Number of protein chains: 2
Amino acid sequence: MSDLFPKKGHNHDRCVNTALAQAEKVCADANARFTDMRRKVFTLIWQSHKAVTAYELLDALTAEGMRVQPPTVYRALEFLSDLGLVHRIESLNAYFGCDQPDCDHLGQYFICTQCGRVAEAVNEDMSKAVHKAAGKVGFTIQATSVEIKGQCHDCATH
Amino acid sequence: MSDLFPKKGHNHDRCVNTALAQAEKVCADANARFTDMRRKVFTLIWQSHKAVTAYELLDALTAEGMRVQPPTVYRALEFLSDLGLVHRIESLNAYFGCDQPDCDHLGQYFICTQCGRVAEAVNEDMSKAVHKAAGKVGFTIQATSVEIKGQCHDCATH
DNA sequence: TGTTGAAATGTTATAATATATCATTTTCTG
DNA sequence: CAGAAAATGATATATTATAACATTTCAACA
Ligand SMILES: [Zn+2]
Ligand SMILES: [Zn+2]
Ligand SMILES: [Zn+2]
Ligand SMILES: [Zn+2]
């Protein structure tokens, strides 16, 4: 069985550093500014593999002594979303960090209802099935969201 | 090309009547009460093929002279959702009527961003792909939501 | 048929999520 | 440095959703 969610006790600093490096590159390529605020929000999102709400981010920023209002957080989230650096999980009203922001993927999100972690996977078969179904009925796809809730392997077996 | 969204000028009363008859049956089978309020909310949702928000329903009820508060609407929506008579579209915070409440389907919702209509389709290939992917990574599925936004055929060609 | 207990709805208050608008600051460009 | 554009600050408010307790309705049954 292949891995999806990272193992307990994995080197998460490595996840964060990789994500930051990727984000730097994506921003540079897009000629977009990875400002302190955006980097801060991005880093907070990457503190775990869970999805985080805008107000949790707001609270985290406040806890660090910053005087931040909701629009600031939502603006950072919009910026990061637009570049594909974070994804919004519609069914949770929450955001999580994308670990493959360069690949133009049809995201499929596995959401563990027990530990709260989210993992993204590319699924060509699913993507094909969706496009085929759309083609059949003459529907022009602009965006797709596939959110799968359940138990991750760790939670199901422990 | 097969149909997905109903044709303009179709006999919508028929849609409503069919939906009501199905709802009656589903409630009876579940030994659940299809009260006036629940029927009213259900009928309002079925006034179109669009998804409707809780507060739009509230406004509609108020417009008819009823003194209704948010919890009343949300309770009706929860009841109807639980029985599979309506589905919540996560990305719209809105609800729409299911036209095949008896089939235990993995729903796939096509959402036209232009006309606002929603259509549900069963997609075995997609369902298989999702379950296969989940199996590979040891993920136990509890619920899945597939929301596809774009343009319906009518809107794309007119 | 009247009693009663569970289910449904009413009522009030508030929590949680998100955006509009205008002011100020920062950054880039010439 | 001046001026324009982008980003952030600040204030207010809109939108979506639920908690908690009171009252009403209704079906089961003594
Ligand atoms: Zn990690
Ligand atoms: Zn888990
Ligand atoms: Zn119809
Ligand atoms: Zn349309």
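So that the names make sense, note that chain A is the first sequence line, chain B the second, and so on, each numbered from 1. As the structure is a prediction and not an experimental result, all values here were calculated from the model. Reckoned from all heavy atoms, side chains included, excluding hydrogens, waters and symmetry mates.
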| query | Is it true that B:H10 and B:H49 have ring centroids separated by less than 6.0 Å? | reply |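 That pair passes the under 6.0 Å test.
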
Rounded to whole angstroms, how far apart are [atom1] on [X] and [atom2] on [N]?
X	N	atom1	atom2	value
A:L58	D:dG9	CG	P	11 Å
A:F34	D:dT8	CZ	C1'	16 Å
B:D36	C:dG10	CG	C1'	15 Å
B:L77	D:dA17	CG	P	9 Å
A:M37	D:dA7	CE	P	13 Å
B:E90	C:dT17	CD	P	13 Å
A:N93	D:dT16	CG	C1'	9 Å
A:I89	C:dT17	CD1	C1'	16 Å

Strictly below 4.0 Å: does [X] bring a side-chain N or O up to OP1 or OP2 of [N]?
X	N	answer
A:Y74	C:dT19	no
A:R67	D:dA10	no
A:R88	C:dA18	yes

| note | The answer to which of A:T35 and A:P71 contacts DNA chain D further toward the 5' end, by nearest nucleotide, is A:T35

| said: Assess whether a salt bridge exists between B:R117 and B:D154, defined as any Lys/Arg side-chain N lying under 4.0 Å from an Asp/Glu carboxylate O. | reply: yes

| message | Angle between ring planes, B:Y109 versus B:H87, binned at 30° and 60°: parallel, tilted or perpendicular? | response | tilted

| request: Determine whether B:T62 and B:M66 make a side-chain contact, defined as any pair of heavy atoms from C-beta on separated by less than 4.5 Å. | output: no

| message | For A:A54 and A:R75, find the nucleotide of DNA chain C closest to each by heavy atoms; which residue's nucleotide sits nearer the 5' end? | response |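 Comparing both residues, the 5'-ward one is A:A54.
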
| message | Nearest heavy atom decides the nucleotide; on that basis, is B:R33 or B:P70 closer to the 5' end of DNA chain C? | response | B:R33

| Closest nucleotide among C:dT11, D:dA10, C:dT9 to the B:R38 side chain |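 Comparing C:dT11, D:dA10, C:dT9 against the side chain of B:R38, the answer is C:dT9.
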
| query | Which nucleotide sits closest to the side chain of A:T72: C:dT11, D:dT18, D:dG9? | reply |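 My answer, after comparing the listed nucleotides, is D:dG9.
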
| Quick one: does A:Y55 reach the base of C:dA18 with a side-chain donor-acceptor pair under 3.5 Å? |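 Counting by modelled atom types and ignoring angles, a donor-acceptor contact under 3.5 Å is found here.
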
| task | Apply salt bridge (Lys or Arg N to Asp or Glu O under 4.0 Å) to the pair B:E90 and B:R88, showing each step before the final yes or no. | result | CA-CA 6 Å; B:E90 299 290 354; B:R88 175 180 163 83; 3.0 Å; yes

